[in-house]
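Each chain gets a letter, A, B and so on, in the order the sequences are listed, and its residues count up from 1. Only this structure's heavy atoms are used, side chains among them; waters, hydrogens and symmetry mates stay out.
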2 protein chains.
Amino acid sequence: MNTLAEENYLKAIYKLSLTARNVSTNQIAAELATKASSVTDMVRKLADKALVNYARYQGVSLTKTGEKVALNIVRRHRLWEHFLVEKLHFKWHEVHEMAEEMEHISSTELINRLDAFMGYPTRDPHGDPIPDCDGNIKASALKPISIVKANTSGVISGVGDHTTSFLQYLEQQKLTIGKRVTIKEIIGYDNTVILEMDNKQLQISREVANNILIAI
Amino acid sequence: MNTLAEENYLKAIYKLSLTARNVSTNQIAAELATKASSVTDMVRKLADKALVNYARYQGVSLTKTGEKVALNIVRRHRLWEHFLVEKLHFKWHEVHEMAEEMEHISSTELINRLDAFMGYPTRDPHGDPIPDCDGNIKASALKPISIVKANTSGVISGVGDHTTSFLQYLEQQKLTIGKRVTIKEIIGYDNTVILEMDNKQLQISREVANNILIAI
DNA sequence: TTATTTTTTTAGACTTGCCTAAAATTATAA
DNA sequence: TTATAATTTTAGGCAAGTCTAAAAAAATAA
């Protein structure tokens, strides 16, 4: 079994791997709010356990085994988030920190039964896909609003930023999962995006548009 | 907040306090499968945090604050056990280890919502009372079979030993929570107890009789 | 291409929680 | 009451995971 710290590193490396082939020491340090020297130590340890590929100064990638472990953590995290929202009626922006703790509950049987209890959901409350018990995960196929063309329309299905402040902003603007939006225009000057939703127009910044994912 | 190790110590001290005024270092060491010297270290730390009363060579007791923390851990443990049995359909002897991990999930709001979701249960699957959100707990008022008089009858409502092997034995003998039993005779020679249940007789050892609690 | 900056690693130290072995204290027995 | 046994504490050490400061390597700029 892996320690809590090891699990957190694997999850961070998995997340960063989605947008980079080889993950750098500094990226991991930033993601985990720790120092680069600590990352070097831990990455060595994970390499010894054959969970990551690592060569000095060359960055890190997950091995097959490491990816499997990471996907399992992601599965647990997202299933618990789903439980918290669907059964305990938390808001989608309230569940991340709780799930950070719950994802480390180790029993596989428990998580499989939770999966069944929830009716084998395929996405968590933020629209992210939930890996199945074999670690298969649906490729997201979601695009940030910032990169789609004007006059396309889609359903909000995920976010790229899970911080409470961002989710609360979305909540307040009613930009929630499942809402259909149409991208009307992207202003050249600062990349502000003009959206239509519920027959009303609203503007969002490039930053926000980057972190709202839609299924077209 | 308290560390995982601290929480486990508080829980152990709480448990041992039910049958002893001052808990000894060795008792705690045995309960947690650790060494006496480790216990001394941790007990000092808990005393510094005002969670236990401690004087060298004099044993340990929980302070009001310490007891509140301990009861909260017990509450979390028992509510999760209830959830695992009622919603995820685990057997009563399968849930202890999982709940040992789940009891450390820290959110109070989470546990209160779980409580509501389960319908405010008052006892866990082993018959132990669940403290409410203010730390009030129903005095057990349960007696081990070994100490009741012949020809009394009662309902199995708790166990004094939560090990898998013991619970499996009970399961196999159908000595489960809610079953009504009548104590027919206690053999003087070795304190073997003769029970009647479902109109059949069965014998249990003094050891087992000590660990089955009935409400009369 | 060399100099400077940035990134990464190494070295050494700290905290938590545990250990063993020895010393101190308390309990028990002769 | 004194000797022996058991319990508890102290002393010193170890592993995990973190940190700071300095050295090494790589990337970038002049």
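- Arg56(A) has its CZ atom 8 Å from the P atom of dA26(D), to the nearest Å.
- Going from atom CG of Asn22(A) over to atom P of dA27(D) covers 12 Å, rounded to whole Å.
- Straight-line distance from the NZ atom of Lys35(B) to the C1' atom of dG12(D): 17 Å, rounded to whole Å.
- Both cation-pi conditions hold for Arg113(B) and Phe90(A): the charged atom is under 6.0 angstrom from the six-membered ring centre and inside a 45 degree cone around its axis.
- For the pair Gln58(A) CD and dA27(D) C1', the interatomic distance rounds to 12 Å; values are reported in whole Å.
- With hydrogens and angles disregarded, a donor-acceptor distance shorter than 3.5 Å links the side chain of His126(B) to the backbone of Trp92(B).
- For the pair Gln27(A) CD and dT7(C) P, the interatomic distance rounds to 11 Å; values are reported in whole Å.
- Note on Thr40(B): every side-chain N or O is 4.0 Å or more away from OP1 and OP2 of dT8(D).
- Within the 4.0 angstrom heavy-atom criterion, only backbone atoms of the sugar-phosphate kind lie near Thr25(B); the bases stay farther away.
- Mapped onto DNA chain D by nearest heavy atom, Tyr54(B) and Tyr9(A) fall at different nucleotides, with Tyr54(B) at the one closer to the 5' end.
- Residues Glu6(B) and Lys49(B) are paired through a salt bridge, judged by an N-O separation under 4.0 Å between the basic side chain and the carboxylate.
- Across the interface with DNA chain D, nearest-nucleotide mapping of Ser37(A) and Glu6(A) shows Glu6(A) to be the residue nearer the 5′ end.
- Ring planes of Trp80(B) and Phe83(A): tilted class, angle from 30 to 60°.
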